[in-house]
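Everything numeric in this text was worked out from a predicted model, so none of it was measured.
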Amino acid sequence: MANNIEKITSIEEQIAKLKEKQKMLEQQMHKNIGQEVLKAWKVESEQEAFEWIQKLAVQVNRKEDGNKTWDHHEQQP
């Protein structure tokens, strides 16, 4: 019985460690994406980045709503 409790505790600890590792990897991914966007867009300030994100979000969300127009990046149906 005690051995089973130890196994369960060990598994729970492993799960907690993996969840923490996943969280750290997601944070690193977000940081890397942000850095790449700033570099590619040649954005010099946080405010400027937010403004571009808002402008582009309108276009992205329009596509999600089904009001998309075809461009050269999309395949024809």
Side-chain angles (χ1 to χ4, degrees):
M1 178 84 171
N3 192 25
N4 286 339
I5 293 173
E6 289 176 13
K7 287 180 182 179
I8 291 170
T9 302
S10 174
I11 291 170
E12 288 174 343
E13 289 172 356
Q14 290 175 17
I15 290 170
K17 288 178 184 177
L18 289 171
K19 285 182 179 182
E20 184 61 33
K21 184 175 181 177
Q22 180 183 17
K23 182 179 175 180
M24 289 176 18
L25 288 172
E26 288 174 353
Q27 289 173 341
Q28 185 63 45
M29 178 186 66
H30 292 161
K31 180 180 176 184
N32 291 344
I33 290 169
Q35 288 175 340
E36 184 61 27
V37 167
L38 294 175
K39 179 181 168 187
W41 292 354
K42 297 179 178 149
V43 173
E44 296 184 12
S45 73
E46 186 175 305
Q47 183 60 36
E48 184 181 3
F50 287 134
E51 289 170 6
W52 275 109
I53 290 167
Q54 292 302 316
K55 288 176 186 177
L56 294 171
V58 170
Q59 294 176 5
V60 171
N61 291 331
R62 191 176 308 139
K63 287 183 181 183
E64 290 177 358
D65 292 338
N67 297 329
K68 65 179 176 178
T69 57
W70 187 83
D71 66 29
H72 67 279
H73 296 293
E74 299 172 339
Q75 296 180 4
Q76 285 182 315

**Message:** Through direct or indirect side-chain contacts below 4.5 angstrom among Ile, Leu, Val, Met, Phe, Trp and Tyr, which residues connect to I15?
**Reply:** I11
**Prompt:** When you look at CD of Q35, are more than 12 heavy atoms from neighbouring residues, nucleotides or ligands closer to it than 6.0 Å?
**Reply:** yes
**Message:** With a sphere of 6.0 Å drawn around CH2 of W52, does it hold more than 12 non-hydrogen atoms of other residues, nucleotides or ligands?
**Reply:** no
**Fill in**
Here the pair of heavy atoms bringing V43 nearest to A49 is CG1-N, 3.4 Å
**Message:** Could you tell me if the side chain of N32 sits less than 4.5 Å from the side chain of E36, heavy atoms only?
**Reply:** no
**Item:** Trace of the side-chain contact (heavy atoms from CB on, under 4.5 Å) decision for Q28 with M24
**Value:** CA-CA 6 Å; Q28 185 63 45; M24 289 176 18; over 6 Å; no
**Asked** Are the side chain of S10 and the backbone of E6 linked by a donor-acceptor contact shorter than 3.5 Å?
**Response** no
**Request:** Apply the test side-chain contact (heavy atoms from CB on, under 4.5 Å) to residues M29 and I33: give CA-CA distance (whole Å), side-chain angles for both, the deciding distance (0.1 Å), then the verdict.
**Result:** CA-CA 6 Å; M29 178 186 66; I33 290 169; 3.8 Å; yes
**Interatomic distance, I53 atom CD1 to E48 atom CD [nearest 0.5 angstrom]** = 11.0 Å
**Prompt:** Got more than 12 heavy atoms from elsewhere within 6.0 Å of CD, E46?
**Reply:** no
**Fill in**
Value for CD (E12) from CD1 (I8), rounded to nearest 0.5 Å, stands at 7.0 Å
